[in-house]
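I have placed the structure first, in the form of C-alpha cells, so that the comments after it can refer back to it.
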Amino acid sequence: LSLIAAGMQEGAFGLSAGLVYGHEAAATPEEFAAFAKAIARGKGVLKAHLRNEGQNLVPAMNEIIQAGRESKAHIIISHFKAIGRTSWPLFRKALEMMEHASEGGISIHFDISPYQRTGSFLYLLLPAWAREGGFAAMLKRIQDPPNRTAIIEELKGQTLHYERYIIANAATPNANGRTITEVAAHSGASPEETVLDLLSASEGRVTVFGKTLSFKNILAGVAHPLGVIASDGSGVSPELIASGSLVHPRSTGTFPHFLHRFVKEKEAVSWEEGIRKITSFPAELVGFRGRGRIVPKFAADIVVFDPENIRERSTYQNPFVHSTGIDAVIVNGKVAIEAGQLTGTGVIIPEFTSRYPGIKLALSLSDRTVNVLDEGFDLAIQIAQLEDSSLAARKLAPNRRVVCASPAYLRTHGTPRVPEDLTAHNCIISMPHGDFSSTWEYRDARGNPGTVRVTGKFACDSWEVMRE
C-alpha cells in the first residue's frame with residue numbers, strides 16, 4: 001500500500017491488476033479492495049482484468065463492482081469479454097451489472113478488443129491447481145505422471161475446441177501459425193498431450209490465439225456507452241518479425257478494423273462516436289490531459305484517413321502488414337506518416353543492445369529525430385522526442401549529474417567516457433550551442449537499414465542515460 005501511495009504522489013495514473021494470472025490470482029477480494037482504496041485516495045484509476053471470464057464471470061464482475069463501491073475508486077475493466085460458448089449469455093448480465101453500478105454512482109467503465117479471437121497464454125487452459133506456484137511448479141506437475149494424467153483428464157472434461165486455437169509463439173519447431181489440432185495430428189499425440197508438450201518445450205511460455213468469443217457480444221460491447229476500444233496489443237519490432245513468432249493482428253490493425261468493421265459496415269456507432277471511443281474518451285478515463293481532441297493548446301495528434309477505404313490487412317498467419325486508407329499521421333505536430341509512407345520523423349524503433357546492462361540512452365535532436373546508431377557510441381540509443389529542448393533539459397537536470405561536451409569535442413573524441421559509477425546514477429551529457437555534422441546508421445519500422453546525414457545548430461540537446 002505504501003508503494004501505491006508513493007507511486008501516486010510521483011505521478012502514476014493508477015494501478016493495473018491482472019486477477020486471472022497466476023501470481024495475482026492469489027490476491028483475496030479483501031486485498032484487492034484495500035488496493036482500490038489506496039488508489040482512490042490518490043484520485044487514480046484502478047484498471048483490472050477480471051478474475052474469471054468464463055462460467056464465473058458474474059461473481060468476478062461483482063468483486064470489481066464491490067471494490068468500486070467500497071473504495072470510491074474509478075474502475076476500468078481491461079478487455080472485457082466472455083470466453084466460451086457456455087459463458088456467452090453471461091456477457092449481457094455482466095453489462096447490466098455495470099450499468100446498474102454506474103447508475104448507482106460507481107465510476108466504472110471497460111475497454112474491449114474488437115476481435116473474436118483472444119490473444120492469451122496457453123497455460124491458462126490448465127486447471128487452477130496445476131498452475132499454482134508459478135511456471136517451475138507447473139512444469140514439474142506436467143512431468144509427474146500422476147499429475148500429468150489428472151491434468152489431461154480435466155482438459156478433456158472442458159470440451160475445448162482445439163481447432164480454434166492458433167499457436168503464436170512456441171519453441172516447438174513448425175508450431176507457430178498452426179492450430180493445436182494440426183500440431184497434434186502431425187506429432188501423433190492427443191490434443192491434451194500436445195498442450196502439455198508445447199508448454200514443456202517452451203518452459204510454459206506459449207501464446208495462442210483462441211476463437212472463443214461471440215460476435216454478438218463484441219458488437220454489443222463496442223457500442224455500449226460505458227465502453228472504449230483498446231488494442232490489448234504490443235509493439236512490433238524488426239527483431240520480432242525476423243524471429244518467426246506471431247503477434248495478434250490487433251497489434252497492427254485494431255483501430256482500422258474497428259472503424260471498417262463496426263463503424264462503416266455494421267454501423268454499431270456513428271463515425272463521431274467511433275472516433276471518440278478511440279481518442280478523447282479513453283484519454284479522459286485514464287487521465288491523459290491535453291490529448292484526444294483537436295482544440296487549441298492540445299497536442300497535435302492527428303490521423304488523416306479515408307472513411308471509405310480504411311481497413312486492416314493483417315491476419316493471424318501474417319500480422320505484420322500495414323492497414324490501408326491512412327494518408328497521414330501527425331504526432332505532437334510532427335508528420336510521422338505522409339502519403340501512406342513513414343517519414344522517419346519521430347518514429348521509435350527498438351533500442352540496440354547495450355554494453356552496459358540495465359542502462360538505456362535517449363537522444364534528442366532539435367530539428368529532426370531519427371533512429372540512429374553511431375559507431376563511436378558504446379551505449380544503446382533510443383530516441384526520445386522533446387517538444388522544448390531547453391525546458392526538457394531543465395526538467396531532467398535536478399539531482400542528476402551533468403557532463404558537458406562541445407560539438408568539437410564530440411567530433412574529435414566521440415562520446416565522453418562513461419564513468420564507472422554510471423550504473424548507480426542518472427546522467428545527462430549536454431551539448432551546448434554549435435555546429436554538428438555526422439552520419440548515422442538506422443533501421444526504419446520495417447527493419448530496412450539506411451543512413452542519414454545529421455547536420456545543424458543544436459541548442460540544449462541532450463543524451464539522457466537512464467536506469468532500466
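Source: prediction; values computed, not measured. Values below: all heavy atoms of this structure, side chains included; hydrogens, waters and symmetry mates excluded.
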Value rounded to 0.5 Å, distance of CG in Asp301 from CD1 in Ile330: 9.5 Å
Non-hydrogen atoms of Asp306 and Asp327 that approach each other most closely: N-OD2, 4.2 Å
Partners passing ring pair (Phe, Tyr, Trp, His ring centres under 6.0 Å) against His260 (at least two apart in sequence or in another chain): none
Phe258 and Val269, any side-chain heavy atoms less than 4.5 Å apart: yes
Worked verdict on Glu53 versus Thr118 for side chain to side chain contact (heavy atoms under 4.5 Å, CB included): CA-CA 12 Å; Glu53 296 171 326; Thr118 62; over 6 Å; no
Asn174, CG: over 12 other non-hydrogen atoms inside 6.0 angstrom: no
Sub-4.5 Å side-chain heavy-atom contact between Ile167 and Thr179: no
Distance, nearest 0.5 Å, that separates OG of Ser87 from CG of Leu57: 7.0 Å
Under 3.5 Å side-chain donor-acceptor pair for Lys47 and Ser78: yes
Within 6.0 Å of CD in Glu31, more than 12 heavy atoms from elsewhere: yes
Polar side-chain atom of Arg131 near backbone of Leu126 as donor-acceptor pair, under 3.5 Å: yes
Lys/Arg N to Asp/Glu carboxylate O, Glu312 vs Arg250, below 4.0 Å: no
Considering all heavy atoms, the nearest Ile218-Ser113 contact: CG2-O, 4.3 Å
Gly253 versus Ser323, closest heavy-atom pair with distance: CA-OG, 4.0 Å
Check: Asn169 side chain, Val206 main-chain N or O, donor-acceptor pair, under 3.5 Å: no
Minimal non-hydrogen separation, Asn62 against Met97, with atom names: N-CE, 3.7 Å
Candidate pair Thr172 and Asp197, rule side chain to side chain contact (heavy atoms under 4.5 Å, CB included), full reasoning: CA-CA 9 Å; Thr172 303; Asp197 290 342; over 6 Å; no
Pairwise distance OG(Ser314) to NE2(His322) - rounded to 0.5 angstrom: 10.5 Å
With sequence neighbours excluded, residues passing salt bridge (charged side-chain N to carboxylate O under 4.0 Å, His left out) with Lys277: none
Under 3.5 Å: donor-acceptor pair, side chain of Ser71, backbone of Ala40: no
Test side chain to side chain contact (heavy atoms under 4.5 Å, CB included) applied to Asp111 and His79, step by step: CA-CA 5 Å; Asp111 67 47; His79 31 93; 3.8 Å; yes
Residue pair Asn309 / Thr324: nearest heavy atoms and the distance that separates them: O-OG1, 3.3 Å
Among Phe281, Phe91, Phe80, ring-ring contact (aromatic ring centres under 6.0 Å, His included) partner for Phe110: Phe80
Under 3.5 Å donor-acceptor, Asn217 side chain and Trp88 backbone: yes
Close side-chain approach of Arg41 to Ile4, heavy-atom, < 4.5 Å: no
Heavy-atom pair of closest approach, residues Ile39 and Gly14: CD1-C, 3.9 Å
Side-chain donor or acceptor of Arg51 paired with backbone N/O of Pro59 under 3.5 Å: no
Heavy-atom side-chain proximity of Val222 to Lys266 below 4.5 angstrom: no
Within-4.5 Å side-chain heavy-atom neighbours: Leu160 and Val195: no
Arg164 side chain to Gly210 backbone, donor-acceptor under 3.5 Å: no
Residue pairs fulfilling ring-ring contact (aromatic ring centres under 6.0 Å, His included) with at least one residue in residues 189-211, sequence neighbours excluded: Phe209-His248, Phe209-Tyr316
Side-chain H-bond candidate by donor/acceptor type, Glu154 with Gln158, under 3.5 Å: no
Salt bridge (charged side-chain N to carboxylate O under 4.0 Å, His left out) evaluation trace for Glu193 with Arg148: CA-CA 9 Å; Glu193 288 278 3; Arg148 185 182 182 92; 2.7 Å; yes
Phe305 vs Leu259 side-chain heavy atoms within contact, under 4.5 Å: yes
Exceeds 12 heavy-atom contacts within 6.0 angstrom, atom CZ of Arg311: no
Thr252 (side chain) donor-acceptor with Phe320 (main chain) under 3.5 angstrom: no
CG on Leu46 to CD1 on Ile75, rounded to 0.5 Å: 4.0 Å
Rounded distance (nearest 0.5 Å) linking atom CZ of Phe255 with atom OG1 of Thr279: 10.0 Å
Leu50/Ile64 under side chain to side chain contact (heavy atoms under 4.5 Å, CB included): CA gap, chis, key distance, verdict: CA-CA 8 Å; Leu50 293 176; Ile64 296 293; 3.3 Å; yes
Donor-acceptor contact below 3.5 Å, side chain Asp232 vs main chain Ile112: no
Spacing of Thr343 atom OG1 and Lys334 atom NZ [to the nearest 0.5 Å]: 10.5 Å
Plane angle bin for Tyr162 and Tyr165 - parallel if under 30°, tilted between 30 and 60°, otherwise perpendicular: tilted
Note, Asn147 side chain near Trp129 side chain (heavy atom, < 4.5 Å): yes
Expected output: side-chain Ser102 to main-chain Met98 donor-acceptor under 3.5 Å: no
Exceeds 12 heavy-atom contacts within 6.0 angstrom, atom CD of Glu99: yes
Parallel, tilted or perpendicular, as decided by the 30° and 60° cut-offs, for the rings of Tyr115 and His257: parallel
Side-chain touch Val228/Ile76, heavy atoms, less than 4.5 angstrom: no
Backbone N/O of Leu199 and side chain of Ser202: donor-acceptor pair under 3.5 Å: no
